[in-house]
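So the structure is just underneath, and the comments pick up after that.
First the proteins, then the strands, lettered A, B, ... as listed; each starts at 1.
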Amino acid sequence: MKSKDNISAIIKFLKKRYPGSTTALRSENPFQLLIATILSAQCTDERVNKVTPALFKRYKSPSDFARADIKELEEYIKSTGFYHNKAKNIIECCKMLVEEYNGELPLDIEELVKLPGIGRKTANVVLGNGFGIISGIVVDTHVLRISKRLGLTDSDDPNRVEEDLMKIVPKEFWISFSNAMILFGREICNARKPLCSECEIKNVCRYFKENN
DNA sequence: CTCCCGATAT
DNA sequence: ATATCAGGAG
């Protein structure tokens, strides 16, 4: 089967090129990772990392965020974009954590996704990278774009792409797969002008075949 | 499908 | 100066 050979080659490449890759988001605990990941919506990890040191110095716990003044919180996170939504979501999310989950993060994706500001992408990042719990595959814009280019999926819907990927990527590699794909997306298979000539897996890439 | 928004690449 | 980047909610 050709597609099976392709995914094997892709995984082999990712493992070799990005061994033990993890999220670029800085955090000292899973709760901080949750906040950082909420902030990373439509924003680069690097930019999030610029605001989180001061943010986590000011607000330590879910109850600190739950009590936060929204205008003050907005100032801390402004540069990550969509700051009004994010500030509101973080406060509401932390209120729910305090009131309904005893200040702890639920370790179940179905529960996490109920919290404001948390979709499957964020939940998968936190469970996978924060707790080592494999709940799914993180499908961010890089994973979506690269998966389509490679021909691993034909869908534009992140949920559908996640389903397609879960069928062909071995479960033990789900977390590292996304982290490696994101790095690969930043340095080679970027959105604007992918560096196909430098790409080591162009021989199994549908996009390369169609554009060369 | 639209709105949310600042930062950076072109 | 403008296009593009980068998820979630209603």
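When the P atom of C/dC5 is taken as reference, atom CG of A/L144 falls 12 Å away, rounded to whole Å. As rounded to whole Å, 16 Å separates atom C1' of C/dT4 from atom CZ of A/R186. For the pair A/L25 CG and C/dA6 C1', the computed distance is 12 Å after rounding to whole Å. The CG atom of A/D157 sits 15 Å away from the P atom of C/dG7 (whole-angstrom rounding). Following rounding to the nearest Å, A/H84 (NE2) and C/dG7 (P) show an atom-to-atom distance of 21 Å. What separates CD of A/Q42 from P of C/dG7 is a distance of 6 Å, to the nearest Å. One can place CG of A/L39 at 12 Å from P of C/dG7, the figure rounded to the nearest angstrom.
Between atom CG of residue A/L39 and atom OG1 of residue A/T80 there is a gap of 5.0 Å, rounded to the nearest 0.5 Å. The line from CG of A/L55 to CD1 of A/I77 is 7.5 Å long, rounded to the nearest 0.5 Å. The CG atom of A/L33 lies 11.0 Å from the CZ atom of A/F31; values are rounded to the nearest 0.5 Å. Atom CZ of residue A/R145 and atom CG of residue A/D140 lie 8.0 Å apart, to the nearest 0.5 angstrom. Note that the CZ atom of A/R67 and the SG atom of A/C94 stand 11.0 Å from one another [nearest 0.5 Å].
Residues A/S40 and A/L25 have side chains in contact (heavy-atom distance under 4.5 Å, counting atoms from C-beta outward). Residues A/D45 and A/R186 form a side-chain contact, since some pair of their non-hydrogen atoms from C-beta on lies under 4.5 Å apart. Side-chain contact between A/N179 and A/N129: present, with at least one pair of heavy atoms (C-beta onward) separated by less than 4.5 Å.
A heavy atom lying under 4.0 Å from DNA chain B marks the following residues of residues 70-82 of chain A, by number: A/K78, A/S79, A/G81, A/F82. Residues from residues 188-197 of chain A lying near DNA chain C, meaning a heavy-atom separation below 4.0 Å, are A/A191, A/R192 in numerical order. Listed by residue number, there are no residues of residues 107-136 of chain A with a heavy-atom contact under 4.0 Å to DNA chain B.
Note: the hydrophobic cluster containing A/I10 does not contain A/F208 (ILVMFWY, side chain heavy atoms under 4.5 Å, direct or indirect links). Under the 4.5 Å side-chain heavy-atom criterion for ILVMFWY residues, a single connected hydrophobic cluster contains both A/Y101 and A/V113. A/L115 and A/V98 fall into different hydrophobic clusters, defined by Ile, Leu, Val, Met, Phe, Trp and Tyr side-chain heavy atoms under 4.5 Å apart, directly or through other members.
Partners of A/F13 according to the ring pair (Phe, Tyr, Trp, His ring centres under 6.0 Å) rule, which considers only residues two or more places apart in sequence or in another chain, are A/F184.
Nucleotides of DNA chain B lying under 4.0 Å from heavy atoms of chain A occupy a range whose first and last members, 5' to 3', are B/dC4 to B/dT10.
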Dot-bracket for DNA chain B, 5' to 3', Watson-Crick and G-U pairs with both distances under 3.5 Å, [ ] for crossing pairs, | for partner on another strand, reads ||||.|||||

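Remark: A/R26 CZ is loosely packed, at most 12 non-hydrogen atoms of other residues, nucleotides or ligands lying under 6.0 Å away. Crowding of A/E111 atom CD: a count of heavy atoms from other residues, nucleotides or ligands under 6.0 Å exceeding 12. Atom CZ of A/R206 has more than 12 neighbouring heavy atoms from other residues, nucleotides or ligands inside a 6.0 Å radius. The environment of A/N102 atom CG is sparse: at most 12 non-hydrogen atoms of other residues, nucleotides or ligands sit within 6.0 angstrom.
Taking the nucleotide of DNA chain B with the nearest heavy atom to each of A/K86 and A/R47, the more 5' of the two is matched to A/K86. The residue among A/S40 and A/K88 whose nearest nucleotide of DNA chain C is located toward the 5' end is A/S40.
Across B/dA7 and C/dA9, the matching P atoms stand 23 Å from one another, rounded to whole Å. Distance noted for atom P between C/dA6 and B/dT10: 12 Å (whole Å). Remark: the separation of the C1' atoms in C/dT2 and B/dC5 is 16 Å, to the nearest Å.
Remark: the A/T153 side chain and the A/S155 side chain contain no N/O donor-acceptor pair separated by less than 3.5 Å.
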